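Treat the numbers as computed from the prediction; the structure is a model and nothing was measured. All chains are named by letter (A, B, ...) in the order of the sequence lines, taking the proteins before the strands, and each is independently numbered beginning at 1.
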Amino acid sequence: MAENAHRPPIRSCFPPSPTGYLHVGGARSALFDWLAARSTGGQFILRIEDTDRARLQEATVEAIFDGLRWLGLQWDEGPEVGGPYGPYVQSERLPLYHEWARWLIDNGHAYEDFDPPPPPGKPQAHTSDETVGITNMVRAERSFRKYRDWTAEQREEARHTIAHAPAIRFKMPLDGETVARDVVRGDIRWKNTELPVDPVLLKGDGFPTYHLAEAVDDHFMKRNVVMRGLEWIPSMPLHALLFRAFGWEEPLFCHLPLVTGMDGKKLSKRHGDAGLHEYRAQGYLPEAIVNFCALLGWSFGDDIEIFSKEEAIERFRIEDIRPAPSAWDMDKLLWINSQWINHRLTLGDFVERALPFFDADGLDINGFDGEYIASAFALVKDRAKLLTEVPPLTHFFFQEPKADMDMVRLLTKQGSDQPTAILEATFDALSAAHWRTRDDLISAIDTVVTHFGVKRGIPFGLVRIATTGRTAAPDQADLMLVLGPERVIQRIRAAIDALKATGEG
RNA sequence: GGCGCGUUCGUCUAGUGGCCUAGGACGCCGCCCUUUCAAGGCGGAGAUCAGGGGUUCGAAUCCCCUACGCGCUACCA
């Protein structure tokens, strides 16, 4: 509500690494960042974190932009739109990182590591408990620790003897404890002796690690809320310490709960952690994805489940985010998608979005009148759960069903022992009807009901099969009104002929 | 192994000491509406609030312990 107007503006930042497509976990983070900024009148920043040159995939940058745009999460500052604190691509900010790494050395907070760089790639996993168990004893003996206290002369000399550029490491405090605050979890404390040993800030290749780049960029971009996945909690003390060493104001840290599969395990492709583009191709609406993602670790309140991101802006507050992980429930996503299609989308919007799915379906409906298409779509709008269902649901409006053996089988198994006679009577009744309102058609068919003394479902069902080729379709009167008398009469005729040709009924 | 985070119906959640014999939603089941299928309406099953100790007149809500789950433990992010 209006309370949000009084909150300090949040400058949030979604910082993807261009190492893959935008997945639902990333989409959820971006959404929360966007909501935090919009709900407080702040700005949503997009920053490309491409400091890991080995895993970089240039092409994925564009895919990430596409995903965000599809969701409607427009960024206020970042690539393509610019902004006062650019550039917004880390590889273009290298001099800044070097400058501040230097500053840390000069002010006694960092030092050069003259050891040769380790082999590239992920280091060997700790497999033996025994090995891992003694880590804390060994930590004080890490080889690079000796450089921490080297004199200026020693360092000068070393620079001439090594062939590689030294990495720069942060001087972690040797005792005491570090306390940092997480918005959703409160204060978290660590004994400094248990923190990682002097992490690298600037790598031998001249690129910063996430830690340095994050602190420098967040400061100069004036990001004041750091929202990110909970896997970053262990780095929070280091990041807080970095800000304190620089003498910069710390942003608010806000760690988002994990999104898991239904089994509680890490979300994987198997669980639906597909790229956003795959959900798009499956006929999901961006509004539904956003709506569903917002419900992962946050709730709208007042028992309201269906809402737009604009509506969420009114109520979103980062301190209402829950700390517990949540599962990606495809059933609920599908329900939300159907709610949006059935009740939230306007007909015009629905038509516009469903149309492209006909191309994928292989049915060309471009020759049909726009009004005809719209009135056909209107009849399935309240029963489609996915956009991909629209073509099969409306197929018969654009293509006459085949009056073949399959149809004959459906007609004869429909529940009447005289389908041909009933269809012929219906044919006559509909031929004589007015075709102005639903009631014209219903009363026409009701004459058949009376004459044969059958249930309404019999003639309605037979005509449904004759006109659509299916046993399940929209309301038969509505559907016939859209199809028009010519098509309906002609299709019933074809069905009768097919029945007679096979000697049925 | 160490450190950290987490734990309310199968799932998403409401709930911040009494309104809770725990509310809503998805899914499931049944009924109604009805020319089919949906949608919609109504109802049902489903959580001793992870377990155990405290604090309190009173705890899902505060504290401690345990269990389990997850994360981190790189010159990756």
Check your understanding: Nearest to the side chain of A/I442, which nucleotide is it out of B/C75, B/A14, B/U35?
Key -> B/U35

Practice item. Give one of base, sugar-phosphate or nothing for A/W190, where a contact means two heavy atoms less than 4.0 Å apart. Key: sugar-phosphate

Exercise for review: Determine the contact category for A/D302: base if any of its heavy atoms lies under 4.0 Å from a base atom, sugar-phosphate if only primed atoms, P, OP1 or OP2 are that close, otherwise nothing.
Suggested key: nothing

Check your understanding: Closest to the A/W335 side chain: B/A25, B/U35, B/U11?
Key -> B/A25

Practice item. Could you give me the CA-CA distance, side-chain angles and deciding distance for A/E112 and A/K171, then say whether salt bridge (Lys or Arg N to Asp or Glu O under 4.0 Å) is met? Key: CA-CA 10 Å; A/E112 288 157 307; A/K171 283 188 186 173; over 6 Å; no

Check your understanding: B/A25 C1' sits how many Å from A/F292 CZ, rounded?
Key -> 12 Å

Check your understanding: In terms of side-chain heavy atoms of A/I188, which of B/G4, B/C75, B/U36 is nearest?
Key -> B/G4

Exercise for review: Identify whether the distance between the nearest side-chain nitrogen and carboxylate oxygen of A/E49 and A/R228 falls below 4.0 Å.
Suggested key: no

Check your understanding: Is the phosphate of B/A39, meaning OP1 or OP2, less than 4.0 Å from a side-chain N or O of A/K385?
Key -> yes

**Study point:** Between P of B/G27 and CG of A/D329, the distance in whole Å
**Key:** 9 Å

Practice item. Measure from the side chain of A/R55, starting at C-beta and using heavy atoms only, and say which of B/C5, B/C76, B/G24 lies closest. Key: B/C76

Point to revise | P gap between B/C26 and B/U21, integer Å | key: 25 Å

Check your understanding: Hey, does the side chain of A/H343 come within less than 4.0 Å of B/G40's phosphate (OP1/OP2), counting only N and O?
Key -> yes

**Study point:** Identified pairing partner of B/C62, criterion: Watson-Crick or G-U wobble below 3.5 Å
**Key:** B/G54

Exercise for review: Could you tell me whether A/D218 and A/R47 make a salt bridge, using a distance below 4.0 angstrom between a side-chain N and a carboxylate O?
Suggested key: yes

Point to revise | Sugar-phosphate, base or nothing in reach of A/G297, heavy atoms under 4.0 Å | key: sugar-phosphate

Check your understanding: Can a side chain N or O of A/Q339 be found less than 4.0 Å away from OP1 or OP2 on B/G40?
Key -> yes

Point to revise | Presence of salt bridge, A/R185 and A/D182, under 4.0 angstrom | key: yes

Check your understanding: Has A/K413 got a side-chain N or O lying under 4.0 Å from the OP1 or OP2 atom of B/U36?
Key -> no

Study note, to complete from the structure: To the nearest angstrom, the CG-P distance between A/D320 and B/U16 comes to 12 Å

Check your understanding: For the side chain of A/R438 and the base of B/U35, is some donor closer than 3.5 Å to an acceptor across the two?
Key -> yes

Review point. Nearest-Å distance, CG (A/D478) to P (B/U34)?
Key: 16 Å

Exercise for review: Map A/L202 and A/S299 onto RNA chain B by nearest heavy atom, then report which one ends up closer to the 5' terminus.
Suggested key: A/S299

Review point. Base, sugar-phosphate alone, or nothing: which one does A/P117 contact when heavy atoms must sit under 4.0 Å apart?
Key: base

Check your understanding: At under 4.0 Å, does any side-chain N or O of A/K203 touch on OP1 or OP2 of B/C76?
Key -> yes

Study note, to complete from the structure: Minimal heavy-atom distance between A/A433 and A/L441, with the atoms involved, is CB-CD2, 4.4 Å

Check your understanding: Is a salt bridge present between A/D217 and A/R93, judged by a nitrogen-to-oxygen distance below 4.0 Å?
Key -> yes

Check your understanding: Going by heavy atoms closer than 4.0 Å, what residues in residues 161-180 of chain A are next to RNA chain B?
Key -> A/A167, A/R169

Review point. Which is true for A/P208 with a 4.0 Å heavy-atom rule: it touches a base, it touches only sugar-phosphate, or it touches nothing?
Key: sugar-phosphate

Check your understanding: Can you tell me how far P in B/C37 sits from the matching atom in B/C33, rounded to whole Å?
Key -> 14 Å

**Study point:** Same-atom distance (C1') from B/U35 to B/G30, integer angstrom
**Key:** 23 Å

Exercise for review: Remember a base hit wins even if backbone is also touched, and classify A/T51 as base, sugar-phosphate or nothing at under 4.0 Å, heavy atoms.
Suggested key: sugar-phosphate

Review point. Does a salt bridge link A/E177 with A/R189, judged by any charged N lying under 4.0 Å from a carboxylate O?
Key: yes

Review point. Distance between the P atoms of B/A38 and B/C28, in whole angstroms?
Key: 11 Å

Exercise for review: Describe the nucleic acid contact of A/P15 in one word from base, sugar-phosphate, nothing, applying a heavy-atom distance below 4.0 Å.
Suggested key: nothing

Point to revise | Centroid-centroid distance, A/F253 to A/W232, less than 6.0 Å | key: no

Practice item. Name the nucleic acid region contacted by A/P118, choosing base, sugar-phosphate or nothing; use a 4.0 angstrom heavy-atom cut-off, strictly under. Key: base

Check your understanding: Less than 6.0 Å separating the ring centroids of A/F114 and A/W150?
Key -> yes

Revision key, fill the gap. In Watson-Crick or G-U wobble terms, with both distances under 3.5 Å, the base opposite B/C33 is none

Exercise for review: Write down the partner of B/C3 under the Watson-Crick or G-U wobble criteria, each distance required to be under 3.5 Å.
Suggested key: B/G71

Check your understanding: So what does A/D182 touch, heavy atoms closer than 4.0 Å: a base, only the sugar-phosphate, or nothing?
Key -> nothing

Review point. Where the side chain of A/I233 is concerned, which of B/C72, B/G4, B/C26 is the nearest nucleotide?
Key: B/G4

Check your understanding: 5'-most contact on RNA chain B: A/T471 or A/D52, nearest heavy atom basis?
Key -> A/T471

Exercise for review: Kindly say whether the aromatic ring centers of A/F316 and A/F32 come within a distance under 6.0 Å.
Suggested key: yes

Exercise for review: Could you check whether A/F460 and the base of B/U35 form a stacked pair, meaning centres closer than 5.5 Å and planes differing by less than 30°?
Suggested key: yes

Check your understanding: In the strands shown, is B/C20 matched to any nucleotide by a Watson-Crick or G-U wobble pair with both distances under 3.5 Å, and which?
Key -> none

Check your understanding: What nucleic acid atoms does A/D331 come within less than 4.0 Å of, heavy atoms only: base, sugar-phosphate, or nothing?
Key -> sugar-phosphate

Exercise for review: Determine the contact category for A/R456: base if any of its heavy atoms lies under 4.0 Å from a base atom, sugar-phosphate if only primed atoms, P, OP1 or OP2 are that close, otherwise nothing.
Suggested key: sugar-phosphate

Study note, to complete from the structure: Among the nucleotides B/C12, B/A77, B/U35, whichever has the atom closest to the side chain of A/L296 is B/C12

Exercise for review: Kindly say if A/S326 contacts the phosphate of B/U11, meaning a side-chain N or O under 4.0 Å from OP1 or OP2.
Suggested key: no

Review point. If the P atom of B/U11 is compared with that of B/C70, how far apart are they to the nearest Å?
Key: 14 Å

Check your understanding: So what does A/A327 hit on the nucleic acid, given a heavy-atom distance under 4.0 Å: a base, only sugar-phosphate, or nothing?
Key -> sugar-phosphate

Check your understanding: Just checking A/L334: base, sugar-phosphate only, or nothing, at a heavy-atom cut-off of under 4.0 Å?
Key -> nothing

Review point. When the C1' atoms of B/C3 and B/U48 are considered, how many whole Å apart are they?
Key: 34 Å

Review point. A/W328 CH2 to B/G27 P: how many Å, rounded?
Key: 16 Å

Check your understanding: Can you tell me if the side-chain N/O atoms of A/R185 get under 4.0 Å from OP1 or OP2 in B/G4?
Key -> no

**Study point:** Separation of atom CG in A/L230 from atom P in B/U7, rounded to whole Å
**Key:** 11 Å

Practice item. Select base, sugar-phosphate, or nothing to describe what A/E49 touches, counting heavy atoms under 4.0 Å on all strands. Key: sugar-phosphate

Exercise for review: Could you measure between the two C1' atoms, the one in B/A67 and the one in B/G27, and give it in whole Å?
Suggested key: 29 Å

Exercise for review: From the options B/U35, B/G71, B/G23, select the nucleotide whose nearest atom is closest to the side chain of A/D303.
Suggested key: B/G23

Review point. On a whole-Å scale, what distance lies between the C1' atoms belonging to B/G6 and B/C42?
Key: 38 Å

Point to revise | Heavy atoms from other residues, nucleotides or ligands near OH of A/Y210 exceed 12 (cutoff 6.0 Å) | key: yes

Review point. Taking all atoms of both residues into account, what is the closest heavy-atom pair of A/A327 and A/L296, and its distance?
Key: O-CD1, 4.0 Å

